[in-house]
Amino acid sequence: MYSFKEIEEKWQQEWLKQGLFCAQAGSGKKKYYLLEMFPYPSGKIHMGHVRNYTIGDVAARFKIMQGYNVLHPMGFDAFGQPAENAAIKNKTKPDIWTHKCIELMRAELKKMGFSYDWKREISTCDAGYYKWNQWIFLKMFERGLAYRKAANVNWCPSCQTTLANEEVIEDSCWRCSAKVEQKDLEQWFLKITDYKEKLLEDLKTLKHWPERVLAMQSNWIGKSQGVQIYFRLKDRDTVIPVFTTRVDTIFGATYIVLAPEHPLVKEVSKGTPQEKQVLKFVAKVTKESRVVRSKKDVKKEGIFSGAYCINPANNEVLPIWIADYVLMEYGTGAIMAVPAHDQRDFLFAKEHKLAMRIVIQVPGTEYRVQSQMLEAYEGDGIQVNSGQFNSLPSQEAKIKIAQWMENTKIGKIETHWRLRDWLISRQRYWGTPIPIIYCAKCGTVTVPYEDLPVELPKDAPFTGEGGNPLNKVKEFVNVKCPKCKGSARRETDTMATFFDSSWYFLRFCSPKFDQAPFDKKETGYWMPVDQYIGGIEHAILHLLYSRFFTKFLRDERLLEFSAKNLGGPADLCGGDEPFLKLLTQGMVLKDGEVMSKSRGNIVDPDSIIKKHGADTLRLYILFAAPPEVEMEWSERGIEGAFRFLNRVWRLLESTEYGVQSTGPKKKDSEKLRKKIHKTIKEVTEDIDNFKFNTAIAAIMELVNEIYQDLNADIAEAVKVTVMLLSPFVPHLAEEMWQKLGNKESILKAPWPKHDEKFLQEKVITLVIQVNGKLRSKIEVPVDISEDKLKELILADERLKPWIQDKPIKNFIVVPQKLVNVVV
RNA sequence: GCUGGAGUGGUGGAAUGGCAUACACGCCAGUCUCAAAAACUGGUGGGGUCACACCCGUGAGGGUUCAACUCCCUCCUCCAGCACCA
């Protein structure tokens with residue numbers, strides 16, 4: 001058994017001492033910026049971290065040995081609620097607790113032997129970092145991208161704070177179980193919607209992002225093209241705009257529905273016999289939280305408003321309904337209902353006995369009777385009952401009707417988006433203070449740049465009573481107006497932590513820079529991130545926000561970079577996409593479930609390090625599954641990895657290095673040489689493609705081969721094995737490298753290259769098929785002629801029963817692989 | 001419902017038109033040992049046979065091809081994200 005503990009500690013110190021991972025811009029080498037998503041400092045790393053960071057570390061060490069100038073930084077996403085909860089529970093302060101956690105976590109990361117440039121470490125909770133959050137916020141404010149408006153939020157009356165949708169569990173607060181209310185509050189937003197076109201369009205340039213992440217982002221932005229149609233009230237001039245993507249069904253509209261929150265609800269029902277019931281219904285529905293409303297599916301509730309409007313396409317009079325299945329947040333908050341061609345409208349119409357009319361005929365079938373329909377037909381077909389558009393294919397009619405509506409001004413072609421502006425206000429202490437002051441005289445005033453950072457007060461009270469502790473710190477809240485010097489009040493909302501992580505990759509380029517968030521020269525050199533690695537859970541928000549920030553900073557000319565100048569493909573990067581390549585690693589499961597505290601199925605990485613060492617853990621986690629797939633934890637697998645490393649270690653005893661053996665020079669093995677070069681080729685390609693599991697398998701094969709050939713000269717084979725293994729198990733590799741007589745770190749050794757000439761075979765085994773079935777194998781020289789081959793095959797005893805004297809129809813030769821005889 | 005992905009031995013997985021199951025785990029047998037562990041050697045998809053031969057086999061069914069885990073069509077199951085999105 002090799003003494004992993006000693007070896008690992010030794011080399012971790014050595015790397016640090018030699019500063020092997022300290023990056024500097026501008027060497028003659030090509031740059032490579034490798035980044036893994038930085039962790040929240042919980043105090044302990046978990047297997048998810050180990051997997052994420054091990055994958056990154058392999059790539060980093062591989063690129064270093066290939067001669068790249070590698071930037072591989074690490075930091076901590078340190079703001080967030082857990083620190084406040086800990087402060088309340090343990091009678092401590094969030095910053096003390098957080099810094100303690102960071103220390104513990106940093107120590108654990110170091111024990112894994114990751115190749116980070118620790119001189120660049122950042123924590124978002126340090127004023128030296130969040131000062132620049134405030135700086136960027138002010139820049140956005142100046143451009144009108146940061147603004148305040150009233151928003152409907154989830155509010156916990158007992159904690160006195162807003163809750164994210166994820167924090168609302170079954171209509172109650174996740175922390176105190178109080179019933180969550182809907183409340184309108186003044187909140188800060190970022191106008192990400194200004195960038196919706198760019199954010200959607202540029203997804204096309206991200207050719208090295210996983211398909212599913214692109215799909216998720218695209219869905220989230222949610223572009224849909226359609227027509228806004230104006231429905232006039234029957235006896236008044238009031239107009240209800242309605243949005244539809246199915247304008248081809250306009251002649252099938254039989255009623256109109258308004259969302260309960262729609263501003264016209266009161267006006268429309270005013271003076272009708274239904275007025276009272278309508279108001280009662282609206283009051284009831286709007287009281288329910290959004291969470292509850294969207295959860296109860298199927299059952300659609302609604303009520304007739306008492307009013308009517310005119311369908312502008314055919315001047316039909318349609319009743320106006322109010323129903324909870326129409327959402328105020330999407331489109332215009334009003335729809336035209338086409339029960340024959342929309343399933344939701346269909347169900348509602350059946351329930352309330354409303355009219356229905358087919359306007360799209362299913363191709364190849366007879367015109368159907370409405371009463372026979374069991375569900376709405378939502379597909380394409382031929383227009384019927386549609387006036388001048390009859391008998392057109394519905395796809396074509398969609399375009400024609402839209403144009404006709406534009407021309408006659410009864411509608412307007414429009415595009416709707418799902419993406420909303422980003423709510424960044426949090427009524428919490430442990431976050432970046434929003435640098436705004438409210439003055440009775442001057443209104444909303446920004447904190448001057450020279451007054452940044454607005455620092456968090458150290459002595460805020462953490463009582464557990466709820467509410468934002470910042471509100472209780474008088475010295476923080478009561479300030480002088482920067483403009484008129486009169487007394488004013490400071491904003492106490494802090495920023496959502498997603499703000500912090502939306503530009504940290506830029507800060508890493510110049511972590512100590514004090515003139516701006518980042519040094520433009522440094523970002524110009526290092527950006528974009530060549531390879532980004534992290535969990536799929538950040539596929540939407542974090543990545544979208546980071547893309548938004550990068551585009552904004554580029555537009556402000558604060559950030560300028562280009563992949564083209566650095567030899568990257570031109571189409572990959574227009575200087576406003578932060579991450580060139582993205583890898584989303586799979587989760588680590590145990591017994592088929594995600595490892596989590598509540599399930600009690602956590603395996604602590606530290607316990608594995610103690611028992612088998614970091615190298616074993618690294619090797620196992622890489623070998624068990626391809627990086628992007630979820631992997632099942634297995635104790636047996638760990639033991640297998642450990643066994644393999646010991647087997648590799650024992651190779652030292654068999655070489656002339658290490659143990660000073662001075663026997664006669666051993667013979668060269670051609671077979672082994674071939675295997676060496678084949679393995680170099682495979683491993684290099686596999687690491688390039690992040691196929692670490694097969695790369696390791698290939699090295700295992702090489703090791704097996706060495707043991708088969710112990711009587712030959714294995715020195716070269718062992719040397720190559722150690723080099724190929726070094727990105728995966730760096731400590732063991734360094735120690736063996738040194739024992740093999742090398743003076744410098746293996747990281748300074750150039751990555752081995754295979755030589756094509758050793759891969760060429762003189763004699764190969766050809767697979768012989770008859771009618772596509774394997775029947776024989778023969779050994780032939782590589783350069784055998786087809787005629788000669790045919791001769792050999794016809795002479796093969798094993799093939800005779802299959803060929804007999806049947807005529808040969810076809811004779812297919814796949815060079816150096818197989819022959820298929822078709823009879 | 002929409003979008004994306006997956007389905008291969010007892011298990012994790014490999015092969016993306018050309019020998020299905022590389023590599024590893026597990027299991028079985030053996031060597032060493034008083035014994036055990038470690039290490040090493042051999043075997044290990046199913047059927048069939050004394051043994052070979054041979055047949056079957058990558059979720060199901062069809063198709064393209066000399067040849068399909070791989071490409072096309074239809075369907076099933078599972079996972080993930082989004083969703084009264086008009």
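Everything quoted here is computed from the prediction, not taken from an experiment. In the text below, chain A, chain B and the rest are named by the order of the sequence lines, each starting its count at 1.
Considering only side-chain atoms of A:N820, the nucleotide from B:U3, B:G13, B:G18 that sits closest is B:G18. The side chain of A:T245 lies closest to B:A86 when the candidates are B:A15, B:G4, B:A86. In this structure, the nucleotide among B:G18, B:A86, B:G4 sitting nearest to the side chain of A:I812 is B:G18. Distances from the side chain of A:K817 to the nucleotides B:C19, B:C40, B:G18 place B:G18 closest. Here the nucleotide nearest the side chain of A:D324, chosen from B:C84, B:C82, B:A24, is B:C84. Which of B:G4, B:C54, B:C82 sits closest to the side chain of A:R418 comes down to B:C82. The side chain of A:E211 lies closest to B:G4 when the candidates are B:C85, B:G12, B:G4. Of all nucleotides listed (B:C19, B:G13, B:C66), B:C66 comes nearest to the side chain of A:N810. Considering only side-chain atoms of A:I540, the nucleotide from B:A22, B:C82, B:A86 that sits closest is B:C82. For A:T694, the side-chain atoms get nearest to B:A14 when compared with the rest of B:A14, B:C82, B:C19.
Separating the C1' atom of B:U58 from that of B:G13 is a span of 13 Å, rounded to the nearest Å. Nucleotides B:C54 and B:A20 place their P atoms 13 Å apart, quoted to the nearest Å. For the P atom pair drawn from B:A35 and B:G43, the interatomic distance equals 26 Å after rounding to whole Å. Nucleotides B:C32 and B:U49 are separated by 35 Å at their C1' atoms, to the nearest Å. To the nearest whole angstrom, the two P atoms, one in B:U70 and one in B:A6, are 13 Å apart. Nucleotides B:G18 and B:A67 are separated by 7 Å at their C1' atoms, to the nearest Å. Of the C1' atoms belonging to B:G62 and B:C84, the separation is 38 Å, rounded to the nearest Å. Nucleotides B:A60 and B:A53, compared at atom C1', are 32 Å apart to the nearest Å.
Within the 4.0 angstrom heavy-atom criterion, only backbone atoms of the sugar-phosphate kind lie near A:P626; the bases stay farther away. Using a 4.0 Å heavy-atom distance criterion, A:K691 is classed as a sugar-phosphate-only contact.
With hydrogens and angles left out, the side chain of A:K777 and the base of B:C19 share a donor-acceptor pair within 3.5 Å.
Summarising the geometry, the separation between CG on A:D342 and C1' on B:A86 is reported as 6 Å, rounded to the nearest angstrom. In this structure, the CZ atom of A:F692 is 14 Å from the P atom of B:A14, given to the nearest Å. In this entry the distance linking CG of A:D686 with P of B:G13 reads 17 Å, nearest Å. Rounded to whole Å, the distance from CD on A:E537 to C1' on B:A80 is 12 Å. The distance between atom CG of A:N219 and atom P of B:C2, rounded to the nearest whole Å, is 13 Å. When the P atom of B:A67 is taken as reference, atom CD of A:Q769 falls 10 Å away, rounded to whole Å. Taking atom CG of residue A:N704 and atom C1' of nucleotide B:A24, one finds them 10 Å apart after rounding to whole Å. Going from atom CD of A:E682 over to atom P of B:C23 covers 12 Å, rounded to whole Å.
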**Message:** Between A:K284 and A:E301, does the salt bridge (Lys or Arg N to Asp or Glu O under 4.0 Å) criterion hold? Intermediate values first, please.
**Reply:** CA-CA 11 Å; A:K284 188 191 121 206; A:E301 284 187 75; 2.9 Å; yes

**Request:** Go through A:F348 and A:Y325 one step at a time and tell me if the ring-ring contact (aromatic ring centres under 6.0 Å, His included) criterion holds.
**Result:** CA-CA 9 Å; A:F348 191 80; A:Y325 77 98; 5.1 Å; yes

**Request:** Apply side chain to side chain donor-acceptor pair (under 3.5 Å) to A:Y532 and A:S546, showing your working.
**Result:** CA-CA 12 Å; A:Y532 197 30; A:S546 297; 5.7 Å; no

Report all interatomic pairs (protein N or O, nucleotide N or O of nucleotides 25-27 of chain B) with separations under 3.5 Å.
residue : atom : partner : partner atom : Å
B:C25   : OP1  : A:R643  : NH1          : 3.1

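Between A:W422 and A:F548, the ring-plane angle classifies as perpendicular under the 30° and 60° cut-offs.
A salt bridge is absent between A:K674 and A:E705; no separation between the charged side-chain nitrogens and carboxylate oxygens falls under 4.0 Å. A salt bridge is defined here as a Lys NZ or Arg NE, NH1 or NH2 lying under 4.0 Å from an Asp or Glu carboxylate O, and A:E701 with A:K678 fails to meet this definition.
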**Item:** Dot-bracket summary - RNA chain B, pairs being Watson-Crick or G-U whose distances fall under 3.5 Å, with | when paired to another strand
**Value:** (((((((..(((.....[....)))((((((.......))))))(((......)))..(((((..]....))))))))))))....

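Note on A:K773: a side-chain N or O is less than 4.0 Å away from OP1 or OP2 of B:C56. A:R344 has no side-chain polar atom (N or O) that falls below the 4.0 Å cut-off from OP1 or OP2 of B:G1.
For the pair A:R647 and A:Y707, the cation-pi test (distance below 6.0 Å, angle within 45°) is passed.
Here the closest non-hydrogen pair linking A:V247 and A:K398 is CG1-O, 3.4 Å. The two atoms that bring A:V285 and A:P260 nearest to each other are CG1-CG, 3.8 Å, heavy atoms only.
Side-chain atoms of A:R618 come within 3.5 Å of backbone N or O of A:F728 as a donor-acceptor pair.
Atom NZ of A:K412 has 12 or fewer neighbouring heavy atoms from other residues, nucleotides or ligands inside a 6.0 Å radius.
Glycosidic conformation of B:G42: anti, with the torsion beyond 90° of 0.
For the ring pair (Phe, Tyr, Trp, His ring centres under 6.0 Å) test with A:H612, the passing option among A:F4, A:F644, A:F642 is A:F642; the others fail.
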